[in-house]
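Take a look at the structure below.
All values below were derived from every heavy atom in this structure, side-chain atoms included, with hydrogens, water molecules and symmetry-related copies excluded.
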Protein chains: 2
Amino acid sequence: MLDERKRAILKAVIQDYIFTAEPVGSRALVKRHDIGLSPATIRNEMADLEEMGYLEQPHTSAGRIPSHWGYRFYVNTMMDESELSGKDSEVLDKLLLSIRSSSGSLSRDVAKLLSSVTSYLSLIAEPASPSQSIRHIDIIPVTNTAATLIVVLSDGTVRHHSVNLPQGLESRQVRHLTRFVNRQLEGVTLQDIDEKLVADLKKDFAGNVRLIDSIFTIVHYMMLTGDQNLVIDGATNLLNQPEFKDVEKVRKLLHSLEQNDQLLPLLQADEDIAIKIGSEIGVDSFSDCSLVIASYTRPDRKLLFGILGPARMEYAKTVSLLKRLRQHFQEDGGMGNE
Amino acid sequence: MLDERKRAILKAVIQDYIFTAEPVGSRALVKRHDIGLSPATIRNEMADLEEMGYLEQPHTSAGRIPSHWGYRFYVNTMMDESELSGKDSEVLDKLLLSIRSSSGSLSRDVAKLLSSVTSYLSLIAEPASPSQSIRHIDIIPVTNTAATLIVVLSDGTVRHHSVNLPQGLESRQVRHLTRFVNRQLEGVTLQDIDEKLVADLKKDFAGNVRLIDSIFTIVHYMMLTGDQNLVIDGATNLLNQPEFKDVEKVRKLLHSLEQNDQLLPLLQADEDIAIKIGSEIGVDSFSDCSLVIASYTRPDRKLLFGILGPARMEYAKTVSLLKRLRQHFQEDGGMGNE
DNA sequence: TGTTAGCACTCTCACAGGGTGAGTGCTAAT
DNA sequence: ATTAGCACTCACCCTGTGAGAGTGCTAACA
């Protein structure tokens, strides 16, 4: 469909454009790459590539820029997944090391790492999976009428919420309740908690029933929202990219990023590493961007990574970075303390 | 120092500028407010006010804009803390109601509320105070070698962290450790936990000592970082303000907002409600902004609110909003569930 | 037949010049 | 002390012009 020469030219255009962010013209192309062809020939080929939809022209007398379809083609068939450059690799190792010894939260640290190495925006989420089961529940009275409810899930994540206690509840009764709830709910998966189960619980429990309702509500809430742990870093990186010189664009972008419940679904994918280009992301204000997502799963933990950059993203580098990162985590469970 | 007429003119200029974001000229001023004076007189007075430092002129033939000192004077002596307008009040009530029934996190909800009512940026923090004591500690094994450490503080906040367990530790031993640590640390304030205490603990504990170290490290970490719960909302609001048409400014602003460990100190103040204007905030990239902060304390909870807007902020409205909010929380403890 | 040189053409961008309007400061009259 | 009048100063907008980059087309060439 595309002969060898056209492929080479397309690739050259894309690589140049990724680097310069300027429309690339025929003359510039022959200068930078040594294809043994004159600008005129390149022009003809470029015109073909434009007709086929791989390239676009911002205006009549400008160079060409890749279309989203062009990027897609590049990513699918032409991208050489180069190893990380020596320097990047070094920086990465150093940062990974500093994360291991850091006492901060893992998501935040990884987000910072990804955004600083890529100079794009990074998203890290720790989704609540409905197949998680409840490992432990605690109810800790704080004042006479307020307590903190703590739920630990089988992947080690913790959710907590404050609940109101009925007036005059004694600590003995709270302990009793805690034991009861634990006995009943330990090992139960989140998806199994439904009205019926709660009704049964209420029937069995010889004590204050309203509390059970509270607990149910909160557990239910935990199922719905995994956004608790969505971390974003490097928004400012994007503003350095020439495509975001326009405040209005930035405004829309940031607005979408503030709707964090709508971001989590974006990070889900079937493959290990997936690349979404422009409208494939499914969010209007991201239509000039690309998103590379990766997931990492361990028995005790699931993490979703996302890297959001301009469509003119260094795909090869980004992908190999994510692969490297996953490998690092996989091989030594190198997550240290959260 | 300032006669009645100068005060009136200064106030008029400030109010107009807050409203229009445009330099206000002598003619425009007499038109909008009915002072019985001609533009020429106003011009003379304005020149005086400029000399005194209350007003500034962007360039020779433009109107005047308030200097930061002008704002400061306005805020200190001339601001009438109007009640919220009927409409705002209504919206606020509605939002407060929806928060009570929401099952989301309180900080987030309040942040959303504040930013949507003010159309500025809001910050909410729940700081860890070193005078907090430890109410309860839990160690929940997750895999053979990993556990989640949970610490509940006396104000009801929860911190958690995963820790590595030594190979081959039995659950009996974990329970033993948990009981021991609880017995020793319950009621101890965060600031009292130091090397000496840890050394004593280690001496007393007949078991694996490395875990105690882990626990100490984590508790120590909790003291230092209250940023865990810093929530920011409404960054996009700021981008709507005409003073942020410049991407570079936005970039710097966002950059500062991403350093969230440096934000918490900004929200601390001695008074109940404090207003920081421009350089008073102490962050370079906020030098065109003002920050209004308020704190709210209840036995089981402490919250810090901050509203960041352009120096040209509606101070009166913002302050009365925060007062109203605090009153709401105080009178009925209306925080519902977190 | 594919490739290349040459050329006219198009379009953006940067810059300069001129007109407009808002606003000032000064001066002289009230 | 206040005000009307007036000359002056900028910022802003519009326009035009020239330079530069790049294209498409045509005709010549291997």
In whole angstrom, give the distance that lies between atom [atom1] of [X] and atom [atom2] of [N].
| X | N | atom1 | atom2 | value |
| --- | --- | --- | --- | --- |
| Q57(A) | dC11(C) | CD | C1' | 10 Å |
| L29(B) | dG23(C) | CG | C1' | 13 Å |
| L55(B) | dT24(C) | CG | P | 11 Å |
| H59(A) | dT10(C) | NE2 | P | 14 Å |
| R27(B) | dA22(C) | CZ | C1' | 9 Å |
| D48(B) | dG25(C) | CG | P | 10 Å |
| R64(A) | dA21(D) | CZ | C1' | 13 Å |
| I9(B) | dT2(D) | CD1 | C1' | 12 Å |

(message) Are there over 12 heavy-atom neighbours, none belonging to D34(B), within less than 6.0 Å of that residue's CG?
(response)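 Counting other residues, nucleotides and ligands, CG of D34(B) stays at 12 neighbours or fewer.
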(request) Decide, yes or no, whether a salt bridge links R64(A) with D16(A) under the criterion of side-chain N to carboxylate O below 4.0 Å. (result)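 Salt bridge flag = no for D16(A) with R64(A).
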(request) State plainly whether the residues D80(B) and K11(B) are in salt-bridge range, i.e. N to O under 4.0 Å. (result)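 Salt bridge flag = yes for K11(B) with D80(B).
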(message) With hydrogens left out and only the distance checked, is there a donor-acceptor pair under 3.5 Å joining T60(A)'s side chain and the base of dC11(C)?
(response)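 Under the 3.5 Å cut-off, the side chain and the base do not form any donor-acceptor pair.
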(request) Ignoring hydrogens and angles, answer whether the base of dG24(D) and the side-chain atoms of R43(A) contain a donor-acceptor pair closer than 3.5 Å. (result)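 Flag set: donor-acceptor pair detected.
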(message) Closest-nucleotide mapping onto DNA chain D: is P23(A) or N44(A) further toward the 5' terminus? I mean the 5' end.
(response)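 Nearest nucleotide further toward 5': that of P23(A).
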(request) Nearest-nucleotide wise, let me know which of E45(B) and S61(B) is further upstream toward the 5' end of DNA chain D. (result)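 Result: E45(B).
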(message) Taking the minimum atom-to-atom distance to the side chain of A40(A), which one of dT4(C), dT3(C), dC10(D) wins?
(response)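 Taking heavy atoms from C-beta onward, the closest nucleotide is dT4(C).
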(message) Base, sugar-phosphate or nothing for T41(A)? Non-hydrogen atoms, less than 4.0 Å.
(response)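 Result for T41(A) = base.
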(request) Check the angle between the aromatic planes of Y315(A) and Y71(A) and answer parallel, tilted or perpendicular using the 30° and 60° thresholds. (result)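 The rings of Y315(A) and Y71(A) sit tilted, inter-plane angle from 30° to 60°.
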(message) Within the structure provided, determine whether L266(B) and L308(B) are in side-chain contact (heavy-atom separation under 4.5 Å).
(response)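 Sidechains of L308(B) and L266(B): no contact.
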